[in-house]
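The next block holds one structure in the form of structure tokens; read it before the comments.
Side chains are part of it too, since the values below use all heavy atoms of this structure and drop only hydrogens, waters and symmetry mates. Bear in mind the structure is a predicted one, so any value in this text is a computation, not a measurement.
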Amino acid sequence: MQKPCALASPVAAVPLAGWDARAQGSVLKVRPLRTDGRIVRRQGSRAEPYRGGARARSNVCFAKSIQVIKMAHYLRDKRIGSLTITEEDVRELCDIFFQRMNVVSATRDKPNEPEIKGAHFVIRFDNRGYKAYSTDDVLTYWRQATKVERLVFATESFESLNSNRLRGTYVELKLDLADEQCWLVSSSDSKEWMDGSFTAIDEYLTKCKNKNRLIRTPWTPFAVYVLGQAVILALSLWLAVKIAPRLAVDSPVIIGFIILLFLYLPIWLFLHGQVMRWIALAFPNIKFHKQNRSLHWFGQAMIGALVIFALGQAGSWFLSLLGELIKSTP
């Protein structure tokens, strides 16, 4: 029987071959897999073979000891949506993250040593992304942007940076124009720091709420689809009545209605997806509002009225043309 082989490193940051690492609770536990027809099981600080009835394989590996990785003890997260972010909001959020950087926190391993933390930010605009480490830099990029696509605010300790956020303290707010998954996450060994950071940011975000959540609901696609079908039914019936005198068939209204209905329904199936995209653009989950680059609501309403008027004129012209064609048909 081979002797157990000692690990080269006491910390299993990356599991060895034949071992399965799974996060359970706040601890990353390492579970042995089958090797050479045996199932390795943990007994105390040694890993010894369990002689089971599996098929024989080669390369038996024994582990002398494996140290688990301790993760941050407390975590809160929340999905973020229906926000309008202005330049002043960006400034205030940066200040909050810098304030949380100065609040004292410590890890469980070193409770008497305050963690060293830093704040950093990411802003993406016009298909380019930049990192910033001060409020002035973020605002400079904000003013340069034609279209802001993403903002990320973060404060985290060096322990969190070095462990890829497995340990240490961090709080992060992600706001993305194209991504529905926008989150606020706070984690630390200190419950007070975690709760304080999460609450301070969440309370400020309530001031940025807009009414888009009333439009962006699970029932919106269904309501739009039913409304579109109702419009198609009314339009088909109205056109059938209009062109009925020109149809030399029995029951011209019914025949015209059926023909128009089957003509418009496939068109609406395609247009429904386009309409939902227009609604998503008009009522975004996250809106980055730049005062000097946005139309006032009165201007937007005037543009909408002009578009509706143009569509009405185009529809009247099409109906008159259709009537002339039907009238000229022998």
task = Report yes or no: do Phe270 and Ile232 belong to one cluster of Ile/Leu/Val/Met/Phe/Trp/Tyr joined by side chain heavy-atom distances under 4.5 Å?
result = yes
query = Measuring from Ile254:CD1 to Leu237:CG, what's the distance to the nearest 0.5 Å?
reply = 10.5 Å
ask   = Any sub-3.5 Å donor-acceptor pair from Ser186's side-chain atoms to Met194's backbone N or O?
value = yes
request  = Inspect the surroundings of NZ in Lys191 and state if more than 12 heavy atoms from other residues, nucleotides or ligands are less than 6.0 Å away.
outcome  = no
task = Check whether any side-chain heavy atom of Arg76 sits under 4.5 Å from a side-chain heavy atom of Asp195, and report yes or no.
result = yes
inquiry  = Are the side chains of Trp183 and Asp176 in contact, using a 4.5 Å heavy-atom criterion?
reply    = no
query = Is there a side-chain contact between Val275 and Trp268, using heavy atoms and a 4.5 Å cut-off?
reply = yes
message = Does any part of the side chain of Leu265, heavy atoms only, come nearer than 4.5 Å to the side chain of Gln229, both counted from C-beta?
response = yes
task = Check Tyr170 against Glu156 and note the closest heavy-atom contact, atom names and distance.
result = CB-CB, 3.3 Å
task = Report yes or no: does Thr206 contribute a side-chain atom to a donor-acceptor pair with the main-chain N or O of Glu203 at less than 3.5 Å?
result = yes
task = Give a yes or no on whether a salt bridge exists between Arg165 and Glu172, defined as a side-chain N under 4.0 angstrom from a carboxylate O.
result = yes
inquiry  = Is it the case that the side chain of Asn210 and the backbone of Asn212 share a donor-acceptor pair, with hydrogens and angles ignored and the cut-off at 3.5 Å?
reply    = yes
Euclidean distance, Leu175 CG relative to Lys287 NZ, rounded to 0.5 Å = 15.0 Å
request  = For Thr146 and Lys290, run side chain to side chain contact (heavy atoms under 4.5 Å, CB included): C-alpha distance rounded to whole Å, both residues' side-chain angles, the deciding distance at 0.1 Å, then the answer.
outcome  = CA-CA 9 Å; Thr146 302; Lys290 295 175 64 65; over 6 Å; no
key: Ile116 atom CD1, neighbour heavy-atom count above 12 within 6.0 Å   = no
Atom pair CD/CD of Glu92 and Glu87 - distance to nearest 0.5 Å = 11.5 Å
message = Do Trp278 and Tyr225 land in one hydrophobic cluster if side-chain heavy atoms of ILVMFWY residues count as linked below 4.5 Å?
response = yes
request  = Kindly work out whether a path of hydrophobic side-chain contacts (I/L/V/M/F/W/Y, heavy atoms less than 4.5 Å apart) joins Phe153 to Tyr133.
outcome  = no
task = Find out if a path of hydrophobic residues (ILVMFWY) with successive side-chain heavy-atom gaps under 4.5 Å connects Val90 to Tyr130.
result = yes
query = Looking at Ser157 and Glu115, what are the two nearest heavy atoms and their distance?
reply = OG-OE2, 3.3 Å
query = Cys182 and Asn285: which non-hydrogen atoms are nearest, and at how many Å?
reply = SG-ND2, 4.3 Å
key: Whether Lys174 side chain and Val185 backbone form a donor-acceptor pair below 3.5 Å   = no
ask   = With a 4.5 Å heavy-atom cut-off, do Trp142 and Leu151 have their side chains touching?
value = yes
ask   = Is the closest side-chain heavy-atom distance between Val171 and Leu184 below 4.5 Å?
value = yes
inquiry  = Ignoring hydrogens, what is the shortest heavy-atom contact between Ser82 and Arg213? Give both atom names and the distance.
reply    = OG-CB, 3.1 Å
Minimum side-chain heavy-atom gap Leu173-Phe97 below 4.5 Å = yes
query = Taking atom CG of Leu205 and atom CD1 of Ile85, what is their separation to the nearest 0.5 Å?
reply = 6.5 Å
key: Closest heavy-atom pair and its distance - Asp89, Thr84   = OD2-O, 3.4 Å
ask   = Can you get from Leu235 to Leu269 by hopping between Ile, Leu, Val, Met, Phe, Trp and Tyr side chains that sit under 4.5 Å apart?
value = yes
ask   = How long is the gap from NZ on Lys131 to CD1 on Ile123, to the nearest 0.5 Å?
value = 14.5 Å
request  = Indicate yes or no for a side-chain donor-acceptor contact from Lys117 to the backbone of Val103 under 3.5 Å, with no hydrogens or angles considered.
outcome  = yes
inquiry  = Given 3.5 Å as the limit, does a donor-acceptor pair link the side chain of Asp126 with the main chain of Lys147, or not?
reply    = yes
query = Does Asp202 use its side chain to pair, donor to acceptor, with the backbone of Phe198 at less than 3.5 Å?
reply = no
Side chains of Leu233 and Leu261 in contact at under 4.5 Å (non-hydrogen atoms) = yes
request  = Using the side-chain hydrogen bond (donor to acceptor under 3.5 Å, both in side chains) rule, take Arg100 and Ser197 through it: C-alpha gap first, then chi angles, then the decisive distance, then the call.
outcome  = CA-CA 6 Å; Arg100 301 314 302 176; Ser197 301; 2.8 Å; yes
query = Taking the six-membered ring for Trp, are Tyr141 and Phe125 parallel (under 30°), tilted (30 to 60°) or perpendicular (over 60°)?
reply = tilted
note = Between Val148 and Phe288 the two heavy atoms that sit nearest each other are O-CD1, 3.2 Å
message = Between Phe98 and Phe121, is the ring centroid distance below 6.0 Å?
response = yes
query = Is Thr220 reaching over with its side chain to a backbone N or O of Thr217, donor-acceptor style, under 3.5 angstrom?
reply = yes
note = Interatomic distance, NE2@His120 vs CE@Met101, rounded to 0.5 Å, equals 11.5 Å
